[in-house]
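All chains are named by letter (A, B, ...) in the order of the sequence lines, taking the proteins before the strands, and each is independently numbered beginning at 1.
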2 protein chains.
Amino acid sequence: MSTPGTPSFQPLYLQIKALMVKSLEAGEWRPGEAIPSDLELASRFSVSQGTVRRAIDALADDNLVVRRQGKGTFVATHTEETVSMPRFLRIRRDDGVDEHPGSRLLDVRRGKAPADVARALDLKPGEPVLVLTRVLEFGGVPVVVDEITLPAALFRGLTRAKYEAYQGSMYGFFETQFGVRMLKARERLKAIAADARTAAILGVAPGTPLLAVERVTTTYGDRPVEWRRGLSTTLHHHYLNELG
Amino acid sequence: MSTPGTPSFQPLYLQIKALMVKSLEAGEWRPGEAIPSDLELASRFSVSQGTVRRAIDALADDNLVVRRQGKGTFVATHTEETVSMPRFLRIRRDDGVDEHPGSRLLDVRRGKAPADVARALDLKPGEPVLVLTRVLEFGGVPVVVDEITLPAALFRGLTRAKYEAYQGSMYGFFETQFGVRMLKARERLKAIAADARTAAILGVAPGTPLLAVERVTTTYGDRPVEWRRGLSTTLHHHYLNELG
DNA sequence: ACTCATATCTCTTATATAAGATATAAGACA
DNA sequence: TGTCTTATATCTTATATAAGAGATATGAGT
């Protein structure tokens, strides 16, 4: 019988995985780069190739690395998402066309974390944050208004000009410019009535039902590093979710 | 160079997996039962135990089977969800309490598939369907109104009385009474204004923003077998989604 | 209650082989 | 000589096998 609370037996390959996560977190292997080969890692950790493989499989399951046969295993990155669909974006066109939306930054300002956001971000209420407001446009039509709150301490030097100079996705920007890697997210969806300002941006009548998506995004160790709230018209778009 | 269209190389363990899916689909191994042990399967398919393991791992990833160390590998079932949260239900209370909602059936009627539903279910427009209407209640408070459309051919003999006699989740009912196993689902979420009837059921004002969840549920071979549309108040509840 | 045997899944190692990617050497040819 | 093509070697990950030890659950016997 195992005492509740006692950490149950952890297989070797998960221990190896944990070591590798540390290397990733410490930046020993950087996004986009290849990590050492199976055999190198096997000798480094003094385990068999098969055990290293299982550890890497687990990392690949968590989307921390990507394996490419014949080439190597690469640290996952948000900077290669410009071609495909951003990994965390679930809004789609109703007609099924897989369009990559454009992003338009409306505003960057500093502020203090309100109580609820502070709780979600593990900050003390009133700690300095950055608040970005942006619009996602499908085919030039505004569909989503995002309000993105970031702990100022992690994103020192983020300005509107800096973001606009960057070519690529927002998470790619965070990753390359601030070393903050967005790994997981938890979203809570609600339906709300459009306020006047959002309605104006989205070109709908105030009071129109909008899809509200509140997201807490985390990095290594499930540490929350982003809080955002997106409001979407769902006249010609929807939020897609696959249950498996 | 591989000719486009040529089926690319398929590893042995995936072939074994496919064979096992056939056995599951054919009902050789029934929901809740144990499948043969690793070693038995290895000898049956004339491959090593390791290869069988990988095949079973793949089945477990797809939620088709569940492994229990020391006991065996069991065919996944919806009939054991009464204790835990139903696997496909994402509506949660805002206060974080993990409550299992109650289900109240309002109506069962037969009808003909309208064009859009027919398309989603791979039926011809006008083919006979069953339409169930039910309410999900959290702590006795109605939160979701579901309209569930089923191909009549697959659910012959489904009546209100029969469902109410069954103790357990709806998918458990479908599984045990009709042999239809719900494996995957694809949901499209929108925000809409409450119509008069739904508003009355949910106890909100007509026009209140509701979360609309359209679901197409599939069984083996990605064959669609259920279409449903749920309308939820999101005053004290939300739809939870983890992105990973 | 306790121990023990046994059947199960789980993990680790070791060894081969296959398949994809890439660089380099060798040869054909103008 | 210079360039193109082909063959070869050598990386990489991917797959398969076999054998042994560990962990968990169950039931039989004491």
Classify the ring geometry between Y166(A) and F173(A) as parallel (under 30°), tilted (30 to 60°) or perpendicular (over 60°).
tilted
Phosphate OP1/OP2 of dA16(D) contacted by T51(B) side-chain N/O (<4.0 Å):
no
Would you indicate, yes or no, if dA14(D) has its OP1 or OP2 atom less than 4.0 angstrom from a side-chain nitrogen or oxygen of R53(A)?
yes
Run the salt-bridge test on E147(A) and R229(A) with the 4.0 Å N-O cut-off and return the result as yes or no.
no
Any Lys/Arg nitrogen of D38(B) or R67(B) sitting under 4.0 Å from an Asp/Glu carboxylate oxygen of the other?
yes
Can you measure [X] atom [atom1] to [N] atom [atom2] for me and round it to whole angstrom units?
X      : N       : atom1 : atom2 : result
L39(B) : dT8(C)  : CG    : C1'   : 9 Å
F45(B) : dT15(D) : CZ    : P     : 19 Å
L41(B) : dC9(C)  : CG    : P     : 8 Å
I56(B) : dC11(C) : CD1   : P     : 14 Å
D38(B) : dT6(C)  : CG    : P     : 20 Å
Q69(B) : dT6(C)  : CD    : P     : 19 Å
F74(A) : dA21(C) : CZ    : P     : 11 Å
K17(B) : dA16(D) : NZ    : P     : 14 Å

Shortest side-chain distance from [X], nucleotide among [options]:
X      : options                   : answer
L12(B) : dT12(D), dA16(D), dT15(D) : dA16(D)
R67(A) : dT10(C), dT13(D), dA16(D) : dT13(D)
V47(A) : dT8(C), dT15(D), dT13(C)  : dT13(C)
K71(B) : dT26(D), dT13(D), dT22(C) : dT26(D)

Let me know, please, whether Q49(A) or S46(A) comes out on the 5' side of the other along DNA chain C by nearest nucleotide.
S46(A)
Here's a test of your reading of the structure: between T73(B) and Y13(A), which maps to the more 5' nucleotide of DNA chain C?
T73(B)
Classify R68(B) by what it touches in the nucleic acid, base, sugar-phosphate, or nothing, heavy-atom distance under 4.0 Å.
sugar-phosphate
Hey, what do you get for CG (L132(A)) to OG1 (T149(A)), rounding to the nearest 0.5 Å?
8.0 Å
With L243(B), which of M182(A), E187(A), R87(A) fulfils side chain to side chain contact (heavy atoms under 4.5 Å, CB included)?
E187(A)
